[in-house]
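We name chains A, B, ... by the order of the sequence lines, and we start the count at 1 in each one. Because only heavy atoms are used, hydrogens play no part in the values below, and waters and symmetry mates are left out as well, while side chains stay in.
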Amino acid sequence: MDDYTAKVLEAVDSIPAGQVMSYGDVAEFVGQGGPRQVGRVLALWGGGVAWWRVVHADGSLLAGHERKALARYEAEGTPLRRPADGGLPRIDMRRARRRGDG
DNA sequence: GTGTTGACAATCA
DNA sequence: CTGATTGCCAACA
């Protein structure tokens, strides 16, 4: 456990249900490292926080955990965007992003 | 110390 | 929107 790790986990835990933050946002939130480091921390300690509330900047879900995350989003009421293709939904970064009201 | 990889992001076509 | 490229920082061999 490092100070940086605690900061990231704290930031992720700070995300309210129904909203999300991109890796870059979390990195900017803690003021250290970058989106890659945030992802790395979540990969190691993400098991103790709402990792599903951290998504890509374009709204795409976590690789390998899309199904798990989706279950959370539907349960928390996170604004999703269903593609007419029937593929996996993505986050509506215009409303779900915890940054500006858009 | 160098080269490659990775739960990424922003830009250009 | 999609595909390719460049930038970023840290860990690993």
Side-chain angles (χ1 to χ4, degrees):
Chain A
M1 175 66 89
D2 297 325
D3 288 341
Y4 181 72
T5 303
K7 294 250 188 184
V8 173
L9 298 179
E10 189 175 299
V12 176
D13 189 31
S14 179
I15 308 173
Q19 290 193 341
V20 302
M21 279 215 284
S22 71
Y23 293 87
D25 287 343
V26 178
E28 197 178 338
F29 186 93
V30 306
Q32 286 194 321
R36 325 262 331 175
Q37 280 61 317
V38 174
R40 214 177 56 74
V41 171
L42 288 171
L44 297 169
W45 300 79
V49 298
W51 51 266
W52 57 87
R53 288 181 200 159
V54 183
V55 298
H56 297 261
D58 71 312
S60 48
L61 306 183
L62 292 166
H65 297 286
E66 302 96 331
R67 306 296 305 182
K68 302 290 264 199
L70 277 173
R72 296 289 179 178
Y73 299 143
E74 294 214 355
E76 296 185 353
T78 308
L80 302 171
R81 278 187 61 76
R82 300 279 330 250
D85 208 321
L88 285 170
R90 288 195 305 281
I91 304 287
D92 193 345
M93 295 307 279
R94 300 290 271 196
R95 305 193 299 165
R97 202 181 188 192
R98 198 162 161 276
R99 259 226 163 190
D101 47 309

Apply the test side chain to side chain contact (heavy atoms under 4.5 Å, CB included) to residues A/Leu80 and A/Glu74: give CA-CA distance (whole Å), side-chain angles for both, the deciding distance (0.1 Å), then the verdict. CA-CA 8 Å; A/Leu80 302 171; A/Glu74 294 214 355; 4.2 Å; yes
In whole angstroms, how far is the C1' atom of C/dA10 from the CG atom of A/Leu44? 11 Å
Atom CZ of A/Arg72 to atom P of B/dA7: distance rounded to whole Å? 21 Å
If the threshold is 4.0 Å, N to carboxylate O, is there a salt bridge linking A/Asp25 and A/Arg97? yes
When A/Gln37 and A/Arg90 are each assigned the nearest nucleotide of DNA chain C, the 5'-most assignment goes to A/Arg90
Would you say the side chain of A/Pro16 lies within less than 4.5 Å of the side chain of A/Arg98, judging by non-hydrogen atoms? yes
Protein-nucleotide distance (A/Trp45, atom CH2; B/dA7, atom C1'), rounded to Å: 17 Å
Taking atom CG of A/Asp3 as the centre, does the number of heavy atoms from other residues, nucleotides or ligands within less than 6.0 Å exceed 12? no
Are A/Leu61 and A/Trp52 close enough, and set up right, to give a side chain to side chain contact (heavy atoms under 4.5 Å, CB included), and what steps lead you there? CA-CA 8 Å; A/Leu61 306 183; A/Trp52 57 87; over 6 Å; no
Strictly under 4.0 angstrom, non-hydrogen atoms only: write out the protein contact profile of nucleotides 8-13 of chain B, one letter per nucleotide from the 5' end, B, S or -. BSS---
How close or far is atom P of C/dC8 from atom CD of A/Glu28, stated in whole angstroms? 16 Å
Give the rounded distance in Å between these two atoms: CZ of A/Arg40 and C1' of C/dA11. 6 Å
Heavy-atom pair of closest approach, residues A/Trp45 and A/Met1: CZ2-N, 3.5 Å
